[in-house]
2 protein chains.
Amino acid sequence: MEDYGPYKRANLRDVARHANVSVATVSRVLNKSDRVSKATRERVQSAIEALGFVPSAAARTLNSGRSRTIGALVPTLTHSIFARYLDALEEELSNQGYALIVAVTDGVPELEESKAFGLLDMGVEGLVISGNRHTSGFDALVERFRVPVLITSFFEPSARYPTIGYDNRAIAANAVNFLRALGHKTLSVIHGPPDVNDRISARIDAARAAAGGLSMNFLPTTMDVAGGANAVRELIASGQRPSALLCLSDVQALGALFELQRQGISVPDEISVMGFDNLEWSAVSEPGITSIELPAVEMGQKAAASLIDWLKTGQRASSMALDATIIERASTKEQN
Amino acid sequence: MEDYGPYKRANLRDVARHANVSVATVSRVLNKSDRVSKATRERVQSAIEALGFVPSAAARTLNSGRSRTIGALVPTLTHSIFARYLDALEEELSNQGYALIVAVTDGVPELEESKAFGLLDMGVEGLVISGNRHTSGFDALVERFRVPVLITSFFEPSARYPTIGYDNRAIAANAVNFLRALGHKTLSVIHGPPDVNDRISARIDAARAAAGGLSMNFLPTTMDVAGGANAVRELIASGQRPSALLCLSDVQALGALFELQRQGISVPDEISVMGFDNLEWSAVSEPGITSIELPAVEMGQKAAASLIDWLKTGQRASSMALDATIIERASTKEQN
DNA sequence: CTACCAAATGTAACCGGTTACATTTTGATA
DNA sequence: TATCAAAATGTAACCGGTTACATTTGGTAG
């Protein structure tokens, strides 16, 4: 390991020569396929051992035409919802003998296109993408490479590619209805930048559409804990006091909770707070945050399974809707 | 995209035939290297266009011997410290034309070995690994594939492979000394399972070694928000009341903070709380959590740069220590 | 002892690019 | 118009495996 430097890896022909057999025989030993006599097999094995032979992935890929890699494009890794999803995706792919190449797009469609090109150029057999805002160049790329593409994080059967995810619109509407059912009349919605992420904009639109009868206002902010805190600070500073706060992400809900606490406003007595994503701390915070459990792990598994199936059978995968569940905790209460 | 099914991708010879030139000429056009007459170049370009030609990554890799991929092994993706690190690693590698293949080991050395094999077998040119507990099989693997390996997350110049990271021992000692300097005499240390992760065990050992004069006890728990909360619950239930709590991870500090709050114990007036990792919420929580900033992003960048340099020059990378800084916030205060 | 079949092994083409070297074309100069 | 270097293009080997097909070997039945 010290200096692994200039050194020529032994190849199959070297092994063959060393073992006094033909390349075909060595290949057969490697693929434990055909019958090779025990004596020969052992001779080959020891030649492999002696030369430290390691088969070349590229050569194998070249004539099988299969690279056994899948590319994933995600906006970021630092959101635990994506991390959980990727974790599951990787695990399932790995079980099936595929490796996962990850590329981060920062939610920028142009970056997505160029990273997608990089992945395809690298020879991935398929792509899994979070988000649905693509450049036309991206579509052209897919067209050209003729590779299966799966979209995750939202469900939309009419999309250009099969989608596996939850119905962000329905879920956001459910959340609004949940608060309405509790008797809330004035609602502030804290959300991240809608132009970066179509999941976010779907949630916003649906919340707005479900507003019927409620007084609802929207507070755009950044997609992090500090964002939630800032939004609340501005809200309170502006003198408004909604009876409930709907945060379209739990990170923001956490920040909101902290800020309300800092301002001495009691949750849920004075304001109810509801989050989205059911991140791990939401169950443990004081008070626990009512949230919506998104099946990130299931999504990763399903995506992996669908894509591999697509590759195996050549049959386009079909879209799949996953259920989300409202988890009621202490941060919301009835209002009358 | 509908049925991308049975379809033979055009290859370089097809293009050559279609454009009435030789394969060498096509290759030259592709690599924009040598001079090709404008007329010919255009003819080739349009043949490429017409046939939807896409060069094969495998073939290119085969004769260049370079796959342009790097493998990363991490215990998990769901810890934001790893996510930040990977994010940076990916970005830097991508800038240099390398793709990142991620494999998750769950902190299990045997899994690490088998995933490492998978990556090497896939043809990665180098490995970046978080953690330092390897099987001997892993070392043998590296020996055999003769591939550069870099260890991150801790600094240890005498390790078998170059390490890039922070000195967990020194940092933990600093944390203890910081609390001692504030006048704390009784200290409880909340930490994750030491057997899964050598960074954790290094921190524990160093804290213990730095205890001199302090009354210190250790509370093992799980590595998540709930773990911090549970540890505090048990601590308080057992009737102990240290003046300060050192959590060897911010996720645990957050859980501890919530639980203390739930129990009506004021931070920092009754108990000071100190964390580790400076996660994003630590600045925003109420009170803000005193923590230690670990340079995860810098670590990712440095690791990428070192590895690529190693690949380019053939010169083994050297270990590198990164600085960590204590960020003092409202969760700790002087004790007398 | 020969014929014959199965098992074992070998030969060579092929996957799809790159590239050293050979050959042809172009165009400028004498 | 002959000459020659530079530019353009072509030929074929090579990277390291896999595999269809050919050949050799071994054992058994006739």
Side-chain angles (χ1 to χ4, degrees), chain A residues 6-45 47-48 51-68 120-125 144-147, chain B residues 6-45 47-48 51-68 120-125 144-147:
Chain A
Y7 148 88
K8 194 185 167 304
R9 261 155 70 148
N11 65 24
L12 203 135
R13 289 165 227 271
D14 297 331
V15 175
R17 203 173 310 124
H18 193 275
N20 249 310
V21 297
S22 73
V23 290
T25 301
V26 178
S27 179
R28 282 190 271 258
V29 170
L30 286 177
N31 300 301
K32 14 190 148 283
S33 57
D34 281 308
R35 294 164 294 252
V36 177
S37 76
K38 193 161 170 246
T40 310
R41 157 167 284 117
E42 279 165 1
R43 201 142 36 89
V44 171
Q45 296 282 21
I48 289 178
L51 298 177
F53 168 75
V54 167
S56 146
R60 203 174 15 209
T61 296
L62 182 54
N63 44 25
S64 71
R66 337 223 313 86
S67 67
R68 299 243 150 215
L120 291 167
D121 189 49
M122 212 120 250
V124 297
E125 292 182 42
R144 172 157 258 220
F145 279 82
R146 304 217 164 204
V147 132
Chain B
Y7 147 87
K8 194 185 167 304
R9 262 155 69 149
N11 64 24
L12 203 133
R13 290 167 227 269
D14 297 331
V15 174
R17 202 173 310 122
H18 193 275
N20 248 310
V21 296
S22 73
V23 290
T25 301
V26 179
S27 178
R28 281 190 272 258
V29 170
L30 286 177
N31 299 301
K32 13 190 148 283
S33 56
D34 282 308
R35 294 161 296 250
V36 177
S37 76
K38 193 161 167 246
T40 309
R41 157 167 283 116
E42 280 166 359
R43 201 143 35 89
V44 171
Q45 297 280 22
I48 289 178
L51 298 177
F53 167 75
V54 167
S56 145
R60 204 174 14 208
T61 295
L62 181 55
N63 45 20
S64 72
R66 335 221 318 82
S67 67
R68 299 242 149 217
L120 291 167
D121 189 49
M122 213 120 249
V124 298
E125 293 183 41
R144 172 159 257 219
F145 279 82
R146 303 216 165 205
V147 131

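Chain letters run A, B, ... following the sequence lines, proteins first and then strands; every chain starts at 1.
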Mind listing the closest non-hydrogen atom pair of [X] and [Y] along with its distance?
| X | Y | answer |
| --- | --- | --- |
| A:Arg41 | A:Val36 | NH1-O, 3.4 Å |
| A:Ser56 | B:Leu62 | OG-CD1, 4.2 Å |
| A:Thr40 | A:Ser37 | OG1-OG, 2.7 Å |

Exercise. How long is the line joining NZ of B:Lys38 and C1' of C:dT26, in whole Å?
Worked result: 18 Å
Problem set entry | Between C:dG10 (C1') and A:Arg43 (CZ): distance, integer Å | 13 Å
Problem set entry | Phosphate OP1/OP2 of D:dA8 contacted by B:Thr40 side-chain N/O (<4.0 Å) | no
Exercise. Okay, side chain of A:Ser64, backbone of A:Arg60: is any donor-acceptor separation there less than 3.5 Å?
Worked result: yes
Exercise. Under 3.5 Å, side chain of B:Ser67 to main-chain N/O of B:Gly123, donor-acceptor pair present?
Worked result: yes
For this session: Answer with base, sugar-phosphate or nothing: what part of the nucleic acid does B:Asp14 contact at a heavy-atom distance below 4.0 Å?
Result: nothing
Exercise. Heavy atoms under 4.0 Å, any strand shown: does A:Ser64 hit a base, just sugar-phosphate, or nothing?
Worked result: nothing
Problem set entry | Nucleic acid footprint by protein, nucleotides 11-19 of chain C - heavy-atom cut-off 4.0 Å, B for base, S for sugar-phosphate alone | BB--BBBBB
Seminar exercise, completed: Tested for side chain to side chain contact (heavy atoms under 4.5 Å, CB included) against B:Ile48, the lone hit among B:Leu12, B:Leu30, B:Val54, B:Asp14 is B:Leu30
